[in-house]
Amino acid sequence: MEFKEVIGRRRSIRYFLPYRPVEREKIQTIMEATRLSSCAVNASFLRAIVVERDKLAPEDLEALKVPTTTLQLDMAPVHIYFYGNLNAIQESHGQTLKELFDVGALNPTHGWSHKFIEETVWAQILDPISKDPTINPIAVSMDSGVAMNQALLTAFDEGLGALLTAFNAEKAKAIFKVPDHFMPLYAMLIGYPAESWEAGGQRPRPALESLYFEGEYGVPMQRDPAVVEQLKQDKMIQEPAPLPWRKDEVRALSRMFGLPE
Ligand SMILES: Cc1cc2nc3c(=O)[nH]c(=O)nc-3n(C[C@H](O)[C@H](O)[C@H](O)COP(=O)(O)O)c2cc1C
């Protein structure tokens, strides 16, 4: 699938075929894509625990639910529990930057050297950030979010449906034996969608002009209708929700799975 179409087809999928397993190679592909995401300090902050739903004890599956994550946890055959490694910067100790220097990604043209990494970047920026209890988790979350989105998009490119969703972090810590320095983020649920891939249409978003500015705050970014038209042809911008048959689809799904209407 073309990249723009992957972006366009992604929806938060909340109805999965509970009985259809996801091929192991697709899960690996998702995690390989995640590993390649850009990360600050090249420190690979994101950690993940890949879980097959059917290997979870029924009481553990129940315990992982929270008010915004209910039925979807039962329906998705694969769950990926994402964590941010709070020790990532300290573990890298600037070595990952030196590696980038050694492979020619960071160069003297831009002021880089091993000395600059040790004396300026590590000593003055990274070491203090990693020891700041407020800023370190923000850095870890930021970085992990970038990698999680790469996982999310790859799931759709593999023809699957996916959803990022909250989970009961306290229960998950005990069930999955998660170490203390792993900060809980979100779970990505994966499976073959039981709903149509359109899932009711592209979900509402504020107007582009209200979100992004040009030059300074308050000057809305100009939106060229010709570009919008092209993006529609490229299937990045799609029919907005609700498609006229969405209510019927949800009713049919409710009946198929014996759920409240
Ligand atoms: C970090 C994150 C956390 C989310 N948590 C939940 C959640 O707990 N439960 C849920 O049903 N959806 C969750 N979502 C999905 C959003 O509600 C979703 O983005 C929204 O419905 C917009 O629709 P779309 O993703 O289909 O474009 C989450 C999404 C993100 C990115």
Side-chain angles (χ1 to χ4, degrees), residues 1-34 37 46 48-56 61-62 64-82 144-168 172 185-205 235-261:
M1 210 188 304
E2 293 295 324
F3 180 68
K4 290 194 185 79
E5 189 175 351
V6 176
I7 292 179
R9 282 176 73 114
R10 189 208 58 75
R11 316 262 187 282
S12 289
I13 294 296
R14 294 185 176 85
Y15 299 91
F16 298 94
L17 294 175
Y19 50 81
R20 183 167 172 189
V22 177
E23 297 82 348
R24 174 87 199 166
E25 55 270 26
K26 293 197 173 190
I27 301 299
Q28 184 178 340
T29 301
I30 290 167
M31 299 320 295
E32 299 276 0
T34 309
S37 69
L46 189 69
I49 299 178
V50 179
V51 175
E52 287 176 48
R53 176 204 55 204
D54 292 345
K55 290 188 177 161
L56 283 170
L61 183 63
E62 216 44 45
L64 289 162
K65 292 179 182 173
V66 290
T68 61
T69 303
T70 53
L71 178 72
Q72 61 262 44
L73 217 60
D74 299 320
M75 294 186 104
V78 179
H79 308 172
I80 301 178
Y81 292 85
F82 283 122
S144 299
V146 172
M148 284 159 65
N149 193 46
Q150 200 133 310
L152 190 62
L153 291 173
T154 305
F156 286 84
D157 192 49
E158 290 294 312
L160 301 163
L163 169 74
L164 283 173
T165 201
F167 63 91
N168 186 320
L185 298 168
Y186 288 90
M188 189 170 95
L189 306 182
I190 310 178
Y192 284 91
E195 51 191 315
S196 60
W197 71 263
E198 291 98 327
Q202 217 163 30
R203 277 73 194 264
R205 293 289 191 277
K235 303 189 178 113
M236 188 168 123
I237 298 179
Q238 303 195 358
E239 283 298 305
L243 296 180
W245 41 276
R246 179 59 171 174
K247 280 210 167 83
D248 292 332
E249 181 179 36
V250 173
R251 203 170 297 122
L253 286 162
S254 305
R255 287 177 191 167
M256 192 192 319
F257 293 111
L259 304 169
E261 284 185 36

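Please read these numbers as outputs of a predicted model, since none were measured by experiment.
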- Query: When rounded to the nearest 0.5 angstrom, what is the spacing between CG in Asp157 and OG1 in Thr29?
  - Reply: 9.5 Å
- Arg11 pairs by side chain to side chain donor-acceptor pair (under 3.5 Å) with which of Glu198, Gln238, Gln202, Glu195? Gln238
- Task: For Phe167 and Ala187, work out which heavy atoms get closest and say how close.
- Result: CD2-N, 3.5 Å
- Task: Taking the side chain as every heavy atom from C-beta outward, state whether Leu185 and Leu46 have any pair of such atoms under 4.5 Å apart.
- Result: yes
- Answer yes or no: is there a side-chain heavy-atom contact under 4.5 Å between Val51 and Leu56? yes
- Item | Straight-line distance of Ile7 CD1 to Phe156 CZ, nearest 0.5 Å | 12.5 Å
- Query: Heavy atoms, side chains only, cut-off 4.5 Å: are Leu17 and Tyr192 in contact?
  - Reply: yes
- Message: With a 4.5 Å cut-off on side-chain heavy atoms, are Ile80 and Met31 touching?
- Response: yes
- Check: Leu73 main-chain N/O paired with His79 side-chain donor or acceptor under 3.5 Å: yes
- Nearest heavy-atom pair of Ala162 and Met188: which atoms, and what distance? CB-CG, 4.3 Å
- Message: Given 3.5 Å as the limit, does a donor-acceptor pair link the side chain of Gln72 with the main chain of Thr70, or not?
- Response: yes
- Item | Atom of Ala147, atom of Ser37 and distance for their closest heavy-atom approach | CB-OG, 3.2 Å
- Query: Between atom CZ of Arg14 and atom CG of Leu189, what is the distance when rounded to the nearest 0.5 Å?
  - Reply: 10.0 Å
- Leu160 CG to Lys26 NZ distance, which is reported to the nearest 0.5 Å: 5.0 Å
- Message: Is there a side-chain contact between Leu71 and Phe257 in this structure, where contact means two heavy atoms from C-beta onward sitting under 4.5 Å apart?
- Response: no
- Task: Compare all side-chain heavy atoms of Glu249 with those of Leu253 and state whether any distance is below 4.5 angstrom.
- Result: yes
- Item | Gly201 backbone acceptor or donor facing Glu239 side chain under 3.5 Å | no
- Message: Keeping Arg9 on the side-chain end and Met1 on the backbone end, is there a donor-acceptor pair under 3.5 Å?
- Response: no
- Identify, with sequence neighbours excluded, every residue that meets side chain to side chain donor-acceptor pair (under 3.5 Å) alongside Asp74. Lys65
- Task: Could you tell me the separation between the CG atom of Leu153 and the CD1 atom of Ile30, rounded to the nearest 0.5 Å?
- Result: 11.0 Å
- Task: Report the distance from atom CZ of Phe16 to atom CD1 of Ile190, rounding to the nearest 0.5 Å.
- Result: 8.5 Å
- Is Arg53 reaching over with its side chain to a backbone N or O of Met75, donor-acceptor style, under 3.5 angstrom? yes
